[in-house]
Amino acid sequence: MKKLFFLGQAPARPSSKHDLPGTYLHSWLHSIGYTDTDIKEYCHFFALIDAFPGSSKGGHLTPTPAQIATHKPSLQASLRQIQPDVIVPVGRMAISEILNEKNLALINVVGQEFSVNPFNSLKYPIPCIPLSHPSGRSSWNHLHKDLVAKSLRNLQRVSLDA
């Protein structure tokens with residue numbers, strides 16, 4: 001099994017009901033054959049910034065470019081230390097940062113596989129499997145179940161191969 005580096009937008013609110021990062025992702029990972037033990041051992045969860053960015057009317061505040069830039073050296077150090085086999089950016093903002101492409105549309109990247117060297121932190125490019133945000137509140141996931149399923153199949157193929 002390969003090491004996965006999941007990258008989201010920001011950590012959850014400190015009072016969140018979710019004790020573990022990636023809580024909603026667990027059901028998706030279970031659906032492609034990962035056990036709770038596999039998730040604990042092979043999945044590493046990070047965010048573009050290191051602290052909850054604050055609340056907004058619609059949920060979280062969006063991290064600013066300055067916040068992301070401040071935290072990037074820490075992410076680069078984590079990538080170098082972990083040496084992941086696959087990177088999984090979760091949500092539009094994380095995907096945009098990893099692919100270094102602003103104004104991307106999820107419909108053009110979810111379900112696709114890319115080869116990237118995240119933040120030029122590794123010695124060579126690794127597979128990148130973008131995922132939409134797995135929140136049950138996301139209407140995008142319901143409208144594009146086929147693309148989410150394709151991303152999960154891609155993730156299964158690249159991460160469970162020996």
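Residue numbers count from 1 along this sequence.
Within a 6.0 Å radius of CG in Asn100, other residues, nucleotides and ligands contribute 12 heavy atoms or fewer. Enclosure of atom NZ in Lys145 is not indicated, since only 12 or fewer non-hydrogen atoms of other residues, nucleotides or ligands lie within 6.0 angstrom.
Taking 4.5 Å as the limit, every side-chain heavy atom of Asn117 sits out of range of all side-chain heavy atoms of Tyr124. A heavy-atom distance below 4.5 Å is found between the side chains of Leu29 and Leu155. Contact check for Leu104 versus Arg92: side-chain heavy atoms found under the 4.5 Å cut-off. Residues His44 and Gln81 fail the side-chain proximity criterion, which asks for heavy atoms closer than 4.5 Å. Residues Thr62 and Met93 have side chains in contact (heavy-atom distance under 4.5 Å, counting atoms from C-beta outward). Using a 4.5 Å cut-off on side-chain heavy atoms (C-beta onward), Gln83 and Lys123 make no contact. Counting heavy atoms from C-beta on, the side chains of Pro127 and Ser115 never come closer than 4.5 Å. Looking at heavy atoms from C-beta onward, Val148 lies in side-chain contact with Trp140 at the 4.5 angstrom threshold.
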Report the C-alpha distance between Phe45 and Ile39 in whole Å, list the side-chain angles of each, state the deciding distance to 0.1 Å, and finish with yes or no for side-chain contact (heavy atoms from CB on, under 4.5 Å).
CA-CA 10 Å; Phe45 298 93; Ile39 293 168; 4.1 Å; yes

Would Lys2 and Val158 count as a side-chain contact (heavy atoms from CB on, under 4.5 Å) here? Give the steps.
CA-CA 8 Å; Lys2 296 185 177 173; Val158 301; 5.6 Å; no

Determine, step by step, whether Ile87 and Phe114 satisfy the side-chain contact (heavy atoms from CB on, under 4.5 Å) criterion, reporting the C-alpha distance in whole Å, the side-chain angles of both residues, the deciding distance to 0.1 Å, and the verdict.
CA-CA 10 Å; Ile87 188 158; Phe114 301 87; over 6 Å; no

Salt bridge (Lys or Arg N to Asp or Glu O under 4.0 Å) between Lys3 and Glu41, worked out:
CA-CA 8 Å; Lys3 292 182 281 186; Glu41 189 170 335; over 6 Å; no

Checking side-chain contact (heavy atoms from CB on, under 4.5 Å) for the pair Ser31/Leu152: CA distance, chi angles, key distance, verdict?
CA-CA 8 Å; Ser31 78; Leu152 291 171; 4.1 Å; yes

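Remark: Leu99 CG to Asn108 CG distance equals 11.0 Å, nearest 0.5 Å. Taking OG from Ser78 and NE2 from His71, the interatomic distance works out to 7.0 Å, rounded to the nearest 0.5 Å. For the atom pair His144 NE2 and Leu106 CG, the distance stands at 8.0 Å (nearest 0.5 Å). Atoms SG and CG, on Cys43 and Asp36 in that order, are 10.5 Å from each other to the nearest 0.5 Å. Taking CG of Leu4 as the reference point, atom CD1 of Ile126 lies at 9.5 Å (rounded to 0.5 Å). Atom CG in Leu25 sits 11.0 Å away from atom NE2 in His30 (nearest 0.5 Å).
Of all heavy-atom pairs between Ile68 and Pro63, the closest is CG1-CB, 4.1 Å. In terms of heavy atoms, Gln76 sits closest to Phe119 at NE2-O, 3.0 Å. Contact record, Val88 with Leu131: CG1-CD1, 3.6 Å, taken as the closest heavy-atom pair. Considering every non-hydrogen atom in both Leu122 and Leu79, the closest pair reads CD2-O, 3.5 Å. The two atoms that bring Thr64 and Gln67 nearest to each other are N-OE1, 2.8 Å, heavy atoms only. Counting all heavy atoms, side chain and backbone alike, Ala47 lies closest to Leu75 at O-CD2, 3.5 Å.
With hydrogens and angles ignored, the 3.5 Å screen pairs no side-chain donor or acceptor of Glu113 with any backbone N or O of Ile129.
No hydrogens or angles considered: nothing links the side chains of Ser159 and Tyr42 as a donor-acceptor pair under 3.5 Å. Judged purely by distance below 3.5 Å, without hydrogens or angles, the side chains of Thr35 and Asp38 pair a donor atom with an acceptor atom. His133 and Asn141 share no donor-acceptor pair across their side chains, judged by distance under 3.5 Å alone.
Taking the six-membered ring wherever Trp is involved, the centroid distance between the rings of Phe46 and Phe6 does not fall below 6.0 Å.
Neither Leu143 nor Val90 shares a network with the other; the hydrophobic side chains, linked directly or stepwise wherever heavy atoms of I, L, V, M, F, W or Y lie under 4.5 Å apart, form separate groups for each.
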